2 protein chains.
Amino acid sequence: MTIVENAKSPCRGRGRPPVRTDEETRDLIVQAARAEFDASGYAGASMCAVAQRAGVSTKTLYRIIPTKDALFESVIADRIGRFIIEIDERALAHLDIEQALERILVAFGRLTLDSKTIGILRLVLSECERFPEIGRHFYEAAVKRSGDAMALWLDEQCRKGLLDLEDPQLGAAMLRGMMIMEPQRAVMMGQREAPEIDEIERRAKICARLFLNGCRSAAA
Amino acid sequence: MTIVENAKSPCRGRGRPPVRTDEETRDLIVQAARAEFDASGYAGASMCAVAQRAGVSTKTLYRIIPTKDALFESVIADRIGRFIIEIDERALAHLDIEQALERILVAFGRLTLDSKTIGILRLVLSECERFPEIGRHFYEAAVKRSGDAMALWLDEQCRKGLLDLEDPQLGAAMLRGMMIMEPQRAVMMGQREAPEIDEIERRAKICARLFLNGCRSAAA
DNA sequence: GAATTTGGAAAATGACCATAGTCGAAAATG
DNA sequence: CATTTTCGACTATGGTCATTTTCCAAATTC
């Protein structure tokens, strides 16, 4: 008695079969919307342009995602998972502390200095007044989570006696700032291209050394 | 034979005297526009709302500032002078290097962690795709100039042998990042209030110590 | 082929906006 | 009071946009 089936099950229904599943269409739309919002901001983006970019009609667009607000939120939600940096203790175990921190900073830099990431960040910053939920969600899921991961690692190094830090959260915040603020801001303002991997590595090396020296000396 | 007088000289003209000078009206409008753009972004702001906030008619608004673009540029231009940090060598001369750096960081923090400053920064970041001139101008006049001032000071300390830095520009960038990125971003995302002066001072102290220790140790 | 279902193209709707222009009430001079 | 000037209230125009609706050409089953 399964009256309700998957709406898109392939072999039922008499009419014209769907070109794509709604899932796929949804993806197309969200990708298109990301590009459009990125180029024009929330208020400047046009639903019509999104539909064109996605290659669907506005009718389909509105069937899948019913309002512009919902579309914007979908775009952010779709990307938010990519803003988290994982720190894998075991992969770093065989490295000395400076090399390990370098690795962590490189991972963080690759993530946050990527031009797509910066595009989303700009969107969030621009619109978080209009969509406080998005600001909060992004901050919790991306900024805070990366910070916590770093702080946890720093705290562990302290417990191992390799480091002396009063406040690992603050230390993590400073590390992130010294690593990415300047280049990220320059990219966001259109004053330079996103840095290549070798620049990120160079920067990470200098940051790691300066930071660790700063802490070790403080301990002495 | 002075035929052309000041357009608003108080005692000529037979008709109704102007309520304000055009200068004053212009100020009113720019202030109102700052609030409106800040609240709604460029595309979302309405000229009508700006006029209402300023308490003038749209006619007057357009007489003083002829287009929305020009208004936006006026808002940014009006504020851009406030984003520059001056470093007064003589005022710092009697301090040791750590105290001096602390002072510099406090000045920089007060400037860049102020909620009005952050509002303008958000505007610039949001709209610098639409107004590349604004992005460039802001970057040159604010970001770069502050950075240069700091780098110059750092370089001088190196020459005095108090510091060992390969790249003072990079050092200045890192200092700024560690000092302000995290709190500035949290404020911009609406996740906290702008920090009070004592928090800024605490942060400056920690930054200065960590940074100087980092550099000195690198020299040893 | 008839019935049925899909989704694109295009137009319709109702709102808001930048910008320009008209009108007239107020306030000063002579 | 007549004249002159300022400026706000109101209206108009041409445009864009989000959202809805209509119409229709496939594509599939029976």
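Naming: A, B, ... by sequence-line order, numbering from 1 per chain. All values below were derived from every heavy atom in this structure, side-chain atoms included, with hydrogens, water molecules and symmetry-related copies excluded. Since we're looking at a predicted model, the values are computed, not measured.
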Do the side chains of Phe138(B) and Val143(B) get nearer than 4.5 Å, heavy atoms only?
-> yes
Between CD1 of Ile65(B) and P of dA18(C) the distance, given in whole Å, is 14 Å
- Query: OP1 or OP2 of dG7(C) less than 4.0 angstrom from a side-chain nitrogen or oxygen of Arg63(A), does that happen here?
  - Reply: yes
- Would you say a side-chain N or O of Lys68(A) is under 4.0 Å from OP1 or OP2 of dA18(D)? yes
Val56(A) has its side chain closest, among dG8(C), dT19(C), dG8(D), to dG8(C)
Look at the side chain of Lys68(B) and the backbone N and O of Ser46(B), then say whether any donor-acceptor pair between them is shorter than 3.5 Å.
no
Practice task
Ignoring backbone atoms, establish whether Thr67(A) has a side-chain N or O less than 4.0 Å from OP1 or OP2 of dA18(D).
Solution key: no
Among dA18(D), dC7(D), dG7(C), the one nearest any side-chain atom of Thr60(A) is dG7(C)
Closest to the side chain of Arg16(A), out of dA9(D), dG8(C), dT6(C), is dT6(C)
Problem set entry | Electrostatic pair Arg26(B)-Glu23(B), nearest N-O below 4.0 angstrom | no
- Flag the pair Ser40(B) / Glu36(B) as yes when at least one side-chain heavy-atom distance between them is below 4.5 Å, and no otherwise. yes
- Task: Give a yes/no on whether any side-chain N or O of Ser46(B) is located under 4.0 angstrom from OP1 or OP2 of dA18(C).
- Result: yes
Per atom distances to the Thr58(B) side chain, the nearest of dA26(D), dG8(C), dA20(C) is dA20(C)
To the nearest angstrom, the OH-P distance between Tyr62(B) and dC10(D) comes to 18 Å
Answer for the Watson-Crick or wobble partner of dG30(C), both distances under 3.5 Å, is dC1(D)
On DNA chain D, more 5' by nearest nucleotide between Val19(B) and Asp69(A) is Val19(B)
Regarding the side chain of Lys59(B), the nearest nucleotide among dT19(C), dA27(C), dG21(C) is dG21(C)
